[in-house]
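Here the structure comes first, spelled out in structure tokens, and everything after it is commentary.
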Amino acid sequence: MKDGPNISRIAALIGDAARADVLTALMTDRALTATELAEIAGVTKQTMSAHLSKLLDAGLVSVDQQGRHRYFRLADDDVAGLLESLMGVAFRAGAVRLVSSPREPALRRARVCYDHLAGELGVMAYEALLRSGALEMSREELRLGSSGALWFRRLGIDTDAAARQRRTFCRPCMDWSERRYHLAGSLGAALLSRLHDLKWARRGETSRVLRFTPRGQDAFLQLFRSGPVVTPHAHPRIRSVHSPR
């Protein structure tokens with residue numbers, strides 16, 4: 001008798017090409033219908049229904065019913081973390097399908113990893129927050145630094161509200177293109193949401209690419225390139241952050 005989780009079943013489910021396309025598409029944190037997913041995966045709606053049934057049974061996706069329509073999304077951020085890790089392994093192994101694609105530089109620059117910022121700009125933000133002490137690692141656990149709550153509050157992010165969510169508050173997530181970490185968890189999601197609220201960036205309708213406006217990118221780079229300052233009276237540009245007009 002073999003004890004422990006049956007990882008071969010999960011691996012086999014993810015390993016199917018059509019199901020892998022489904023899971024990758026849902027990494028945008030957008031709920032999609034079976035018809036939309038069938039088009040993305042290049043299979044019939046009937047075939048997609050069978051794939052989705054298996055993914056639901058395994059707890060890899062969830063479904064919301066609204067009237068006659070069913071909308072599918074990833075089950076939780078643990079599944080998203082697993083997929084991002086697999087993407088990192090695939091990238092290092094050379095299993096990349098975006099060779100010479102015009103989307104590749106944009107994906108590497110900034111993209112959505114489930115519900116947080118990834119890519120070059122995501123890594124830049126995470127490393128700047130660590131350098132400044134707004135975030136710190138303690139016994140291999142990521143947490144807010146002593147002035148971290150103040151810094152995030154000045155940006156318009158309520159860290160207490162993020163901490164109350166039923167999920168990991170903040171954790172490092174390995175970035176498949178940069179091979180370094182970006183910020184995940186409810187705090188990472190709150191940061192990405194704030195970028196949208198400020199109209200600094202918007203996500204694509206059918207892609208994980210996150211597109212910054214020119215002013216939004218300038219503001220982001222100014223905020224993170226030299227590292228956030230978290231002393232009580234410094235850095236007035238954080239104290240009052242407004243949407244670019």
Side-chain angles (χ1 to χ4, degrees), residues 8-91 93-122 173 175-177 182 184 188-189 192-193 195-196 199 201-213:
S8 64
R9 175 172 175 251
I10 300 300
L13 284 168
I14 296 175
D16 177 86
R19 290 193 290 268
D21 285 343
V22 165
L23 295 169
T24 301
L26 294 177
M27 283 288 284
T28 59
D29 196 30
R30 292 184 184 276
L32 299 172
T33 66
T35 299
E36 291 169 327
L37 292 169
E39 183 176 350
I40 289 170
V43 299
T44 66
K45 186 176 178 180
Q46 291 74 19
T47 298
M48 180 51 59
S49 293
H51 285 312
L52 289 170
S53 178
K54 292 178 180 179
L55 293 173
L56 283 166
D57 288 343
L60 294 176
V61 302
S62 61
V63 62
D64 297 321
Q65 185 90 32
Q66 291 188 11
R68 297 171 55 193
H69 300 287
R70 302 175 80 209
Y71 295 92
F72 297 86
R73 64 172 68 250
L74 293 184
D76 52 39
D77 60 331
D78 286 339
V79 175
L82 169 63
L83 295 173
E84 183 77 1
S85 296
L86 286 172
M87 290 176 184
V89 173
F91 183 81
V96 180
R97 291 185 293 182
L98 291 174
V99 177
S100 301
S101 166
R103 283 179 50 202
E104 185 180 14
L107 270 174
R108 294 186 181 187
R109 179 66 171 168
R111 66 182 180 276
V112 176
C113 174
Y114 187 48
D115 61 357
H116 52 270
L117 174 64
E120 179 185 335
L121 295 184
C173 180
D175 194 283
W176 62 258
S177 58
H182 56 249
L192 178 58
S193 178
L195 297 181
H196 293 148
K199 296 182 170 56
R202 60 180 176 81
R203 66 179 66 184
E205 290 297 323
T206 60
S207 169
R208 293 199 297 141
V209 171
L210 189 71
R211 301 194 182 279
F212 279 75
T213 66

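These figures come from a predicted structure and were not determined experimentally.
For His182, the side-chain hydrogen bond (donor to acceptor under 3.5 Å, both in side chains) partners two or more places apart in sequence, or in a different chain, are His116, Asp175. The side-chain hydrogen bond (donor to acceptor under 3.5 Å, both in side chains) check on Ser8 picks up Asn6, with sequence neighbours excluded. The side chain to side chain contact (heavy atoms under 4.5 Å, CB included) test applied to Arg202 returns no partner, not counting sequence neighbours. With sequence neighbours left out, the side-chain hydrogen bond (donor to acceptor under 3.5 Å, both in side chains) criterion links Ser62 to no other residue. Listed by chain and number, the residues in a side-chain hydrogen bond (donor to acceptor under 3.5 Å, both in side chains) with Thr47 are Thr44 (sequence neighbours excluded).
Closest heavy-atom contact between Ala75 and Gly59: CB-O, 3.1 Å. Considering every non-hydrogen atom in both Val61 and Leu52, the closest pair reads CG2-O, 4.4 Å. Minimum interatomic distance between Ala41 and Met48 (heavy atoms only, all atoms of both residues): CB-CE, 3.7 Å.
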Problem set entry | Residue pair Leu195, Phe212: steps toward the side chain to side chain contact (heavy atoms under 4.5 Å, CB included) verdict | CA-CA 9 Å; Leu195 297 181; Phe212 279 75; 4.1 Å; yes
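Residues Leu121 and Leu210 have side chains not in contact (no heavy-atom distance under 4.5 Å, counting atoms from C-beta outward). The shortest distance between side-chain heavy atoms of His51 and Val22 does not fall below 4.5 Å. Counting heavy atoms from C-beta on, the side chains of Thr33 and Phe72 never come closer than 4.5 Å. In this structure, the side chains of Ile14 and Arg19 stay at 4.5 Å or more apart for every pair of heavy atoms. With a 4.5 Å cut-off on side-chain heavy atoms, Met27 and Arg111 do not count as touching.
The only option from Leu60, Ile40, Leu37 that meets the side-chain contact (heavy atoms from CB on, under 4.5 Å) definition with Leu26 turns out to be Leu37.
Sorted by first then second residue, the salt bridge (charged side-chain N to carboxylate O under 4.0 Å, His left out) pairs that include residues 43-65, not counting sequence neighbours, are Asp64-Arg73.
With hydrogens and angles ignored, the 3.5 Å screen pairs no side-chain donor or acceptor of Glu36 with any backbone N or O of Ala38. Not a single donor-acceptor pair under 3.5 Å links the side chain of Ser53 to the backbone N or O of Ser49. With Asp76 contributing its side chain and Val79 its backbone, the two residues share a donor-acceptor pair below 3.5 Å.
A 6.0 Å sphere centred on NE2 of His69 holds no more than 12 heavy atoms belonging to other residues, nucleotides or ligands. More than 12 heavy-atom neighbours from other residues, nucleotides or ligands sit within 6.0 angstrom of CD on Glu120.
Note that CG of Leu117 is 10.5 Å distant from CZ of Arg203, once rounded to the nearest 0.5 Å.
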